[in-house]
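Shown next, in structure tokens, is the structure this report addresses.
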Amino acid sequence: MQLHMGVFGHPVSHSMSPCMHKAAYAHLNIKATYEAFEIAPNDLELAVKSIRTEQLTGVNITLPHKVAVIDYLDEISEEAKAIAAVNTVVHRDGRLVGYNTDGQGFLDSLIQESDESIQNKKVLLVGAGGAARSVAVSLARYGVEELAITNRTLGKAAEIAKICEPFQSINVYPRGLAQAGLTGFDIIINTTSIGMHPDMDRMPFSLETLKRGAVVCDLIYTPLKTRWLQEAEKKGAKTINGLGMFVNQGALAFELWTGQSAPRDIMRKAVVEELMKERGD
Ligand code: ATR
């Protein structure tokens, strides 16, 4: 049986998902297609209906549809409900079920790449947009020593804290306070898009008083090493970029669709090669 998957987004032409998923199918000899579908916000409902009529196995959902898509699904997972956003739809027995693999994708990457237990760590999230919400919920469900969040617009950070309250209390700090207390954190995570290509000179947060041995993460993977991660390295920090999160969220979606274990190394290699091609290396 042939499987049919894809990604709904707007714009979607630069998505790395097709090349990553196709590499996984080829590696495991799975007969499958994966297409990027350019879907304008007004066409989302029709596009979701087409998952049934076109007999798609499932789709990834990317910006700007992650919240709006929920209205058109039959069911969503507990995690997607808590995050209030869906990035993966599975067409199962005629029903459309929504999941969110972004936060778990980040958590898996943090656990794999930080080399030590994170449960006894104090974690600071910088930013309070959609990406922050999924990461915050996953961390709160997992449970860490302290979870804190700071954002330019403090009210948005407070909203995320409220969403996470059933799992773990989150401390909400104005930026100045978070900056002053930076030495108290073991793991600092940038969830904003500050420093992303093409605006690569900017930094989301000063790392002046970073604790020695801290882990600094950036959800960005274009470039693979943001200026912020370079600064963190200079301060002796261990750094983790957003590539692992991107690969893991895709791998978890792959596993939901196919029921098979995803070849994460192959998927990562495919994305890195595509990024190099784009840079003209
Ligand atoms: P996403 O859904 O990808 O996370 P988003 O919802 O646009 O993107 O969120 C972007 C985050 O980056 C927000 O936390 C935003 O801060 P505000 O909530 O105050 O808008 C933050 N951000 C973006 N540009 C910023 C800037 N120049 N300075 C500080 N924070 C910024």
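Each ligand, and each atom within it, is numbered from 1 in the order the structure gives. Numbering starts at 1 and runs along the sequence shown. For the numbers below, each heavy atom of this structure counts, side chains included, while hydrogens, waters and symmetry mates do not.
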If you count the atoms of ligand 1 from 1 in the order shown, which ones are under 4.0 Å from a heavy atom of [X]?
X    : answer
G127 : 14 (O)
A131 : 1 (P), 2 (O), 4 (O)
K156 : 17 (P), 18 (O), 20 (O)
R202 : 26 (C), 27 (N)

Cluster overlap L44 with L56, hydrophobic side-chain contacts below 4.5 Å | yes
Hey, what's the ring geometry for Y25 with Y34, parallel, tilted or perpendicular (30° and 60° as the breaks)?
-> tilted
Considering only the protein, which heavy-atom contact is closest to [atom], and what is its distance?
atom                    : result
atom 22 (N) of ligand 1 : R152 NH2, 4.1 Å
atom 12 (O) of ligand 1 : T192 CB, 3.2 Å
atom 2 (O) of ligand 1  : G130 N, 3.0 Å

Side chains of D218 and T226: do they bring a donor and an acceptor to under 3.5 Å?
->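 The answer is yes; a qualifying pair exists.
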Which residue from G129, P64, A128 reaches closest to atom 10 (C) of ligand 1 through any of its heavy atoms?
-> G129
Could you pull out, from I194, T153, I160, the option with a heavy atom nearest to atom 17 (P) of ligand 1?
-> T153
Heavy-atom donor-acceptor pair, K122 side chain to V144 backbone, under 3.5 Å |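 Absent.
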Has the side chain of D74 got a donor or acceptor atom that lies under 3.5 Å from a matching backbone atom of L96?
->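 Between the backbone of L96 and the side chain of D74 there is a qualifying donor-acceptor contact (under 3.5 Å).
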Would you say atom 7 (O) of ligand 1 has a protein heavy atom nearer than 4.0 Å?
->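 For atom 7 (O) of ligand 1 the answer is no, since every protein heavy atom stays at 4.0 Å or beyond.
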Taking non-hydrogen atoms only, is N151 closer than 4.0 angstrom to ligand 1 via side chain, backbone, both or neither?
->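 The part of N151 near ligand 1 is the side chain, not the backbone.
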Do you know which of N87, I61, T88 makes side-chain contact (heavy atoms from CB on, under 4.5 Å) with N100?
->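 Considering N87, I61, T88, a side-chain contact (heavy atoms from CB on, under 4.5 Å) with N100 is found only for N87.
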Minimum side-chain heavy-atom gap F37-V12 below 4.5 Å = no
Do any heavy atoms of R133 fall under 4.0 Å from ligand 1?
-> no
K277 bridged to E274 by N-O distance under 4.0 Å |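 Judged by the 4.0 Å cut-off on N to carboxylate O distance, K277 and E274 do form a salt bridge.
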